[in-house]
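Beneath this line is the structure, given in structure tokens, with notes to follow.
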4 protein chains.
Amino acid sequence: MMDPFQRIREEAYEANRQLPGLGLVKFTFGNASAADHTQRVFAIKPSGVSYEKLSPDKMVVVNFEGQVVSGHLRPSSDTLTHAVLYSHWPDIGGIVHTHSTYATAWAQALRDIPIYGTTHADHLPVDVPCAPPMADDMIQGNYEYQTGMQIIQYFQEHGLDYHQIPMILVGGHAPFTWGTTVEKAVYHSAILEEMAFMAYLTEQIHCRVNPSALPPRLKSALIEKHYERKHGSQAYYGQDTND
Amino acid sequence: MMDPFQRIREEAYEANRQLPGLGLVKFTFGNASAADHTQRVFAIKPSGVSYEKLSPDKMVVVNFEGQVVSGHLRPSSDTLTHAVLYSHWPDIGGIVHTHSTYATAWAQALRDIPIYGTTHADHLPVDVPCAPPMADDMIQGNYEYQTGMQIIQYFQEHGLDYHQIPMILVGGHAPFTWGTTVEKAVYHSAILEEMAFMAYLTEQIHCRVNPSALPPRLKSALIEKHYERKHGSQAYYGQDTND
Amino acid sequence: MMDPFQRIREEAYEANRQLPGLGLVKFTFGNASAADHTQRVFAIKPSGVSYEKLSPDKMVVVNFEGQVVSGHLRPSSDTLTHAVLYSHWPDIGGIVHTHSTYATAWAQALRDIPIYGTTHADHLPVDVPCAPPMADDMIQGNYEYQTGMQIIQYFQEHGLDYHQIPMILVGGHAPFTWGTTVEKAVYHSAILEEMAFMAYLTEQIHCRVNPSALPPRLKSALIEKHYERKHGSQAYYGQDTND
Amino acid sequence: MMDPFQRIREEAYEANRQLPGLGLVKFTFGNASAADHTQRVFAIKPSGVSYEKLSPDKMVVVNFEGQVVSGHLRPSSDTLTHAVLYSHWPDIGGIVHTHSTYATAWAQALRDIPIYGTTHADHLPVDVPCAPPMADDMIQGNYEYQTGMQIIQYFQEHGLDYHQIPMILVGGHAPFTWGTTVEKAVYHSAILEEMAFMAYLTEQIHCRVNPSALPPRLKSALIEKHYERKHGSQAYYGQDTND
């Protein structure tokens, strides 16, 4: 008999497996999940298990209410955050959470990552948002659920579109990224880390000639051009078959 | 029957293949091309195809007017920039565009890279130029063509010689490099990244003892000595056979 | 006849062997030891021997008074520091000393590493302490013994619990870490290096928008939540079997 | 018939071969040589040949006056600098010149590397000296010979002992290191790079709490202790057989 969760188990496994090689996680930090919106379930990394010991059948299948549906191991401690995002955002098929070094440093500095160049604009047309740390009662309550709710609400309150902005920094904590597939969520985690590194360097290099100001943001025409040539209705980047 | 583009296909393939291993590109960023000035064509990476899936026959052959001459895939979205440079500069046989981290950070900070040491002077005798972001109408028009034109005009207006200065930063965007062969263009991309890293560190180290000034440029006699011993008519670096 | 020190020799060997691969030591810097509190002995790296030439039988077995019990090689020059920690702290089974780059830079800057994020709070709920350089007469006397005593006394005087805080920076020198096993001590060295890197970046990123203040420490509720979910009596991170 | 230069050819080859793997050179930068003071010759890397194409028989043998004694390739362009150091300093058996990133950045910032910690003091008991750029007529004359003479004179004028201080930064250029063997010279290049990296970080970390001062130098008692326990007459680091 076929395992109805085989596809998401394999996709989640493959995504988790890639994270250490991309330099995005150390030891057991971080977790990736892949969702099946038809069945309202997702497969996620088991908690505290090292990446080299993972296999598709060790992925834990959880429903959008956060209850384990299949699997013998305890799911990632961040499982409820994933559940909240999937249940609110119908168009995301994968989520990745890492503590990647540069992105996490921006989260710890409680700063949005300014859009300083086309590498950033190729992927999203605005600053990478950083949500402030939550109120104490939310932290002390159902913390991981509240982390998900905070992300949802932050996007609502600031009028952000999760299709366009596939990432957020949670202040004091670390980034979450997502995408239509978990493979794309992994890509967004990797590109976020590179954007975070570049923005850090850009400020350090700029401040030597102008210590009292941040570098100028990329001009609007360039943001629009680079974002649209990859993501707009007239996009001409890539091959027609590969997106 | 022989493929008349075999040499440039292979050279372009080999150059593109080297970029990830040199740490200069991630995912599908960046592109290298090799030109044949006799036929007025160049071979360039297809757009959005990952480096491990490339092969010589997947390179797209394009003429100096930017029209595809041979190949089934869509060429790099930056193809017109390459076409403009080849059609204006008869002595370059290869071009490389990357978003390498340190060079891109200087481009995002909108700064020339000052010549602080002999590692820089071994390769070019002036600061690495950074062209400002283009006017909005140029961006909104034929963007990649205008990027090429901007580079050509920047060199003309500032009296720069493309034989001597095989690289430029495009402000807010990233570097382009070139050379008599695409192999040399790859080398110039790699050395630019190292120069960008060293210049960044030099300013950070210098500012701890003198926060209000940039480090002094390398003295003229040293610039001349190092540049000339590698590139002058009396050059004595390397073996007579290997350049 | 069985070697009564076989377990600690193998554990110490395995821990030392991991250090270069984790990027924590270069050449012959650093040393790891594993203790057997029943026999009041520990196995430690021989001094100045490169990591690739190590084997379990080359580990030197030393008692808690610092005297060699078994082995033909001279033990690490830091052996007495290890001996002092084992003889005072009954619950540690392993110690690691490295000169890992970022942690050592904080030690050289004579600064505690502030707790800026959850990556830090996942591992310890306070700043990483940095003990000041010792008095001259302690340095000129039995230096390595005094280094151990200084660590013990620093924890006593500041009311720190070595179970909760498995690491210290020795000012001007470098870090020491420990754990219930040497495997955990190695993990603490690696995580310390990452926390040191992140805290450095956090300050650099924050100072661009607020040059005259350090970033805010992570709020107490988040520290407590993250530390407790991994280490508290109600911990729910990881699998029940793997800690 | 035996090649009288076999030993130095092999030692020089092995040293050059190690430099890229240690992250100290890119492309054809840098060069290592091994000397035979009895014959007053040294073997050195040929100029501009990539490291993977080297072999012992490609090393060029040069006498202490700088004339090629054996070999078909042109020796490193820095050969005369090596010749000057060997002819003045009878106790050095090997020399290494690199453009390693952090050490070169200090050279470009024209700064000595302050002794901030025991990692530095384990290797030399003073700041790493940085000689200022030479006068123009020395640069325009016999440049590489003058570079050697400048190093010799800098040590003489500042009362430095080349046995104790096996390295120098040449301002605006890059480091030279040496040792009783070329293997030790390679080690000194690697440790210099690490010291340069750590000192850079130390200043960056310290300036966040005290922007107007450099970090304090390591206290004298610690410098003396660490230098002496490795290099003094009562040294107890390492095994009696391995130094």
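Heavy atoms closer than 4.5 Å to chain A are found in both the backbone and the side chain of B/Leu73. Interface remark: A/Asn210 contributes no atoms to any contact with chain B (heavy atom separation under 4.5 Å). Interface remark: B/Ser76 contributes no atoms to any contact with chain A (heavy atom separation under 4.5 Å). Within the 4.5 angstrom heavy-atom criterion, no atom of A/His120 approaches chain B. Proximity to chain A (any heavy atom under 4.5 Å) is restricted, for B/Ala135, to the backbone atoms N, CA, C and O. With a 4.5 Å cut-off on non-hydrogen atoms, A/Glu224 does not touch chain B at all.
Between A/Lys225 and B/Gly141, the shortest heavy-atom distance links the atoms NZ-O, 3.7 Å. Scanning all heavy atoms of the two residues, the minimum distance from A/Pro216 to B/Leu110 falls at CG-CD1, 3.7 Å. Shortest non-hydrogen contact noted between A/Gly238 and B/Ser47 is N-OG, 2.5 Å. The two residues A/Lys219 and B/Pro133 make their nearest non-hydrogen contact at CD-CB, 3.8 Å. Nearest heavy atoms, A/Ala221 versus B/Gln140: CB-NE2, 4.0 Å.
Here the SG atom belonging to A/Cys207 is positioned 6.0 Å from the CD atom belonging to B/Gln204, to the nearest 0.5 angstrom. Note: A/Thr202 OG1 to B/Tyr200 OH = 10.5 Å, rounded to the nearest 0.5 Å.
Within the 4.5 Å cutoff, no side-chain heavy atoms of A/Leu201 are placed close to those of B/Trp106. Side-chain contact between A/Pro215 and B/Gln108 is absent, with no heavy atoms from C-beta onward closer than 4.5 Å. Using a 4.5 Å heavy-atom threshold, the side chains of A/Met198 and B/His99 count as touching. No side-chain heavy atom of A/Leu222 sits under 4.5 Å from any side-chain heavy atom of B/His173.
Between A/His123 and B/Phe29, the angle of the ring planes lies from 30° to 60°, which puts this pair in the tilted group.
For A/Gln239 (side chain) and B/Arg74 (main-chain N/O), a donor-acceptor pair under 3.5 Å exists by modelled atom type. A donor-acceptor pair is defined here as one N or O able to donate and one able to accept, closer than 3.5 Å; such a pair exists between the side chain of B/Arg111 and the backbone of A/Ile205. Side-chain N or O atoms of B/Lys26 include none that pairs as donor or acceptor with a backbone N or O of A/Ala190 at under 3.5 Å.
In A/Glu10, the CD atom is crowded: over 12 heavy atoms of neighbouring residues, nucleotides or ligands sit closer than 6.0 Å. Annotation for A/Tyr162: atom OH counts as buried by contact number, over 12 foreign heavy atoms lying within 6.0 Å.
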*Begin with the C-alpha distance, continue with both residues' side-chain angles, and end with the deciding distance and a verdict on salt bridge (charged side-chain N to carboxylate O under 4.0 Å, His left out) for B/Asp78 and A/Arg229.*
CA-CA 11 Å; B/Asp78 296 307; A/Arg229 79 174 187 170; 3.3 Å; yes

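Aromatic pair A/Tyr236/B/Tyr143: centroids not less than 6.0 angstrom apart.
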